[in-house]
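Single-structure report; data block below.
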Amino acid sequence: MTSVKKRLGVASCMVLVAGTCSATPITLPTEYPINMGFKTLYSDPDPTIGDGSRAGNESFDNVGNAANFAIHHGYLSDMNAIKSQYPNSGIITILANPPTTIYVGSDSGTTKVGTVFPGHFLYYTGTTATASITSTASQINVADTSVFNVGDYILIRNSTSDWSNFEHAKVTQILSGAITVTRSTNYGTTAKSFSSGAYIAPHVAAWTTSTDMSYRLNYSLHAPTDSQGHKANYWAAQLMGTGLNSQTQHQGMEHDVILNSYYHYARPIDANNDGTGDWGSFNGINSFGLGIQEYAGFLRTQLTNLGSPDKIVQFDSDTPLRGYRGFNYVNGVQMETFMDNVNTDGGRFSEAYEHLSHWVQKAQALPKFSYGYNRMPTATYHSNTSTYAPDSAFRRHFAVGLMVGMPHPYGSGDDMGIFDWSEQRGGGSNYKWLGAASGAASREVPADTTNHLQDATWELDIASNYTVKLDGNIASDGASYVTDGSHSIEIAGVPSGTKPNDYGVGLLLSSTAMGNLTIGQEYTLTFDAKASDSFSVQVNGETHNFSNTPFQIHAGNFGGYDAWVLADGDWRTYTLSFTATNYPRNIKLGISETLGTVYFRNIKFQYGTANRLSRTFANGKAFLNMSDNAWTIDSTTRPDLLPASNPYYDLQGNKIGSSFTIPAKDAVFLKKTAN
């Protein structure tokens with residue numbers, strides 16, 4: 001785990017504007033555990049402990065009087081006990097204030113939403129008033145009631161292009177051709193009069209159903225600008241950078257609650273606020289996702305301008321479909337819900353692992369501080385076993401961190417889902433029982449060595465209104481594609497309003513070579529891909545440049561399985577193991593999100609799983625089994641496991657014998673000492 005010892009110093013300083021790096025470099029601890037505490041910007045003291053370190057829903061007045069952001073929960077004071085036990089472990093304190101959403105008040109309290117430019121918020125597609133609206137009316141006649149849900153917070157303004165006269169309100173009832181609303185200063189504005197034709201759009205809430213005024217921001221490249229000429233992504237970056245910089249005792253910031261790189265929920269968003277749903281996508285420009293990448297660059301620039309260019313910046317990013325893209329400015333991605341529920345998500349391990357390991361390899365900012373982390377408490381120290389996760393939840397999450405070479409942050413206590421038990425402590429007081437990694441993680445190959453797609457014929461499946469080029473020439477639906485890595489598929493035109501994760505161009509298997517799948521059996525699809533990852537886009541006369549920006553690939557359409565991976569400018573092998581839940585349709589590798597070129601090669605389909613990994617360390621070994629079946633290892637065929645002079649022991653001090661077993665969805669750790 002060498003990445004933890006790297007210093008974020010002058011050599012890695014990211015100067016994005018004129019000037020030099022003058023901030024003290026951040027040095028991560030060289031001893032484990034690395035204790036990570038989360039705290040909000042400008043948090044008020046928690047009366048239960050009185051030390052001001054509780055992360056919670058406290059006021060965040062420095063962000064344009066917009067109030068607080070949704071955050072992690074944890075006590076910084078919990079770190080002190082571990083610090084005393086492991087004096088060299090260090091404490092990393094991370095501010096956790098995601099600018100994905102702003103909590104701006106509640107029905108019963110004072111709100112500060114009126115101080116924020118309304119165009120900075122994200123809206124669903126709206127509708128128009130069919131009659132004038134008086135300042136005292138509680139019923140508003142509208143052209144389309146289907147765009148609203150009861151409980152929606154809404155914005156009323158003169159027209160889609162006029163931000164000068166507006167009002168926030170709340171939908172309480174949906175009638176035939178009308179909605180009933182609550183209008184109050186609690187929503188940050190006073191009730192006003194509007195003429196017929198006024199535009200009314202629902203705010204996008206922080207959660208699917210929101211009981212308070214937690215609004216998402218519009219990070220799109222097509223978002224409106226405020227009176228200073230700033231879009232929401234720039235506005236948020238200036239405020240967040242200033243807030244982080246003023247908290248000099250903190251090493252960085254975690255952006256929680258997923259900065260989605262796409263937006264694909266039940267209702268289409270209207271990113272450019274023209275009254276038409278667009279899902280944040282415009283003719284091959286993933287405006288919403290690319291705007292979030294710009295935010296990361298703006299934030300890094302702001303930190304540089306304020307003399308702190310080397311702060312740790314992390315983004316929540318559970319999957320490549322929903323998660324953040326781009327490798328230039330962010331130190332890494334948090335995947336805290338990584339495999340929370342193996343009963344429902346167990347078949348998606350390889351997709352998440354591809355995403356996380358890709359990040360560790362490609363992140364440009366140092367230190368690389370991604371982590372695969374489950375904050376659910378385990379049942380070991382809790383009597384309510386139905387509430388807390390089984391111990392295997394910790395083992396597999398800890399093992400994931402070991403496999404990809406990242407620190408695994410935790411402290412003491414259970415408020416943040418802390419794991420205080422033998423596997424955490426390594427069976428004793430010295431956590432450094434594993435030692436340094438002696439090589440990269442190894443992945444077990446499927447037992448079936450046959451490639452059931454050896455001579456498969458592939459063809460292009462092009463959706464209507466897409467423009468596609470094969471090797472530089474306009475291609476037609478059904479064109480043959482040879483998967484030898486030398487033939488390009490270029491998406492040259494995408495219809496506006498297309499959801500980013502839809503199949504636009506599919507590389508479709510037209511062969512039955514793979515045979516019929518058996519429901520409940522494990523299978524593995526592997527392929528190589530690379531894509532164009534640097535480009536410029538034009539939005540309203542402005543040029544936006546992007547580099548190291550991965551291209552989304554959708555693999556699936558077979559066996560009840562779908563997964564998303566990210567391809568960049570380098571060839572990369574993707575391994576996707578899954579359990580079939582229905583019979584196969586034709587395999588399809590789909591691309592559609594943005595304009596660009598993709599290459600494929602070495603497409604293989606095998607029976608069996610590759611969701612089994614191991615890694616060797618100076619003082620031990622780790623084995624991770626994310627398949628549906630137990631993994632028994634024959635030690636007699638592994639000379640490295642039975643050295644005569646230095647045998648391995650499990651964490652209970654038992655010497656391993658001729659074989660040992662890793663249960664399904666679990667991990668095993670071995671050490672070279674019985675102590």
Side-chain angles (χ1 to χ4, degrees), residues 338-354 356-357 372 374 378 389-405 408 422-423 434 437-450 517-526 559 561 573 575-581 604-617 620-643 647-652 654-672:
F338 190 99
M339 302 300 298
D340 270 353
N341 189 340
V342 296
N343 294 322
T344 58
D345 298 332
R348 308 196 68 82
F349 165 78
S350 53
E351 175 193 32
Y353 185 80
E354 285 288 354
L356 191 57
S357 58
N374 183 337
T378 63
D391 296 340
S392 58
F394 172 77
R395 287 194 292 266
R396 59 177 175 262
H397 282 77
F398 179 42
V400 168
L402 295 175
M403 295 304 159
V404 297
H408 188 86
S422 61
E423 270 80 349
L434 272 176
S438 58
S442 298
R443 195 162 195 165
E444 297 293 307
V445 298
D448 170 32
T449 59
T450 301
L517 303 189
T518 300
I519 294 177
Q521 185 170 322
E522 294 177 303
Y523 299 92
T524 298
L525 174 72
T526 61
Y561 182 71
T573 300
T575 302
L576 300 172
S577 291
F578 67 98
T579 299
T581 59
K604 299 178 181 178
F605 187 81
Q606 296 168 278
Y607 297 169
T609 183
N611 279 346
R612 293 170 175 172
L613 301 101
S614 61
R615 196 174 190 190
T616 299
F617 299 84
K621 291 180 181 289
F623 297 85
L624 173 64
N625 177 22
M626 289 307 301
S627 75
D628 290 339
N629 300 290
W631 178 19
T632 298
I633 296 177
D634 184 353
S635 303
T636 62
T637 65
R638 294 275 301 267
D640 61 310
L641 290 175
L642 291 175
Y648 282 101
Y649 299 82
D650 63 24
L651 293 186
Q652 286 70 43
N654 302 310
K655 183 178 178 180
I656 66 168
S658 59
S659 67
F660 62 95
T661 299
I662 302 97
K665 304 297 192 299
D666 210 333
V668 163
F669 309 97
L670 303 180
K671 52 197 176 77
K672 287 186 176 181

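Just so it is clear, the values below take in all heavy atoms, side chains as well, and ignore hydrogens, waters and symmetry mates.
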Over all heavy atoms of both residues, which pair between F669 and A622 is shortest? Give the atoms and the distance, please. CD2-CB, 3.8 Å
For S357 and V404, the nearest pair of non-hydrogen atoms, with its separation, is CB-CG1, 3.8 Å
In Å and rounded to the nearest 0.5 Å, what is the NZ to CG distance from K604 to D448? 11.5 Å
Short question: side chain of R615, backbone of L402 - any donor-acceptor pair under 3.5 Å? yes
S658 side, atom OG; D634 side, atom CG - distance, nearest 0.5 Å: 7.0 Å
Apply side-chain contact (heavy atoms from CB on, under 4.5 Å) to E351 and Y561, showing your working. CA-CA 11 Å; E351 175 193 32; Y561 182 71; 4.2 Å; yes
How long is the gap from CG on L613 to CE on M626, to the nearest 0.5 Å? 10.0 Å
Report yes if some heavy atom in the side chain of Y353 is under 4.5 Å from a heavy atom in the side chain of M403; otherwise report no. yes
Measure from the side-chain N and O atoms of R443 to the backbone N and O of A610, and report whether any donor-acceptor pair falls under 3.5 Å. yes
Would you call N654 and F660 a side-chain contact if the rule is heavy atoms closer than 4.5 Å? no
Within the 4.5 Å heavy-atom criterion, are V400 and F349 side-chain neighbours or not? yes
Using a strict cut-off of less than 4.0 Å between a Lys/Arg side-chain nitrogen and an Asp/Glu carboxylate oxygen, indicate whether K671 and D650 qualify as a salt bridge. no
So Y523 and T518, do their side chains get closer than 4.5 Å, heavy atoms only? yes
Rounded to the nearest 0.5 Å, what's the gap from CD1 on I633 to CD on E444? Could you check? 6.5 Å
Under a 3.5 Å distance rule, please check whether S635 uses its side chain to pair with a backbone N or O of G657 as donor and acceptor. yes
Least distance between heavy atoms, Q606 atom then T450 atom: CG-O, 3.3 Å
I want to check something: taking the side chain as every heavy atom from C-beta on, are L517 and F605 in contact at a cut-off of under 4.5 Å? yes
Heavy-atom distance under 4.5 Å between the side chains of D628 and K665, does that happen here? yes
Audit row: Y648, K672, side-chain contact (heavy atoms from CB on, under 4.5 Å) steps and yes/no: CA-CA 5 Å; Y648 282 101; K672 287 186 176 181; 3.3 Å; yes
Taking atom OG1 of T661 and atom CH2 of W631, what is their separation to the nearest 0.5 Å? 11.0 Å
Tightest non-hydrogen contact, residues P446 and G608, listed as CB-C, 4.0 Å
Donor-acceptor pair between T526 and T575 side chains, under 3.5 angstrom: no
With side-chain contact (heavy atoms from CB on, under 4.5 Å) as the test, would you mind laying out the steps for L670 and L641 before giving the verdict? CA-CA 9 Å; L670 303 180; L641 290 175; 4.3 Å; yes
Closest heavy-atom pair and its distance - K621, T616: NZ-OG1, 2.7 Å
So which heavy atom on S350 is nearest to which on S577, and how close? OG-N, 3.0 Å
Decide yes or no for N629 and T609: does some side-chain heavy atom of the first lie under 4.5 Å from some side-chain heavy atom of the second? no
Taking the side chain as C-beta and beyond, is there a heavy-atom pair between N625 and D666 under 4.5 Å? no
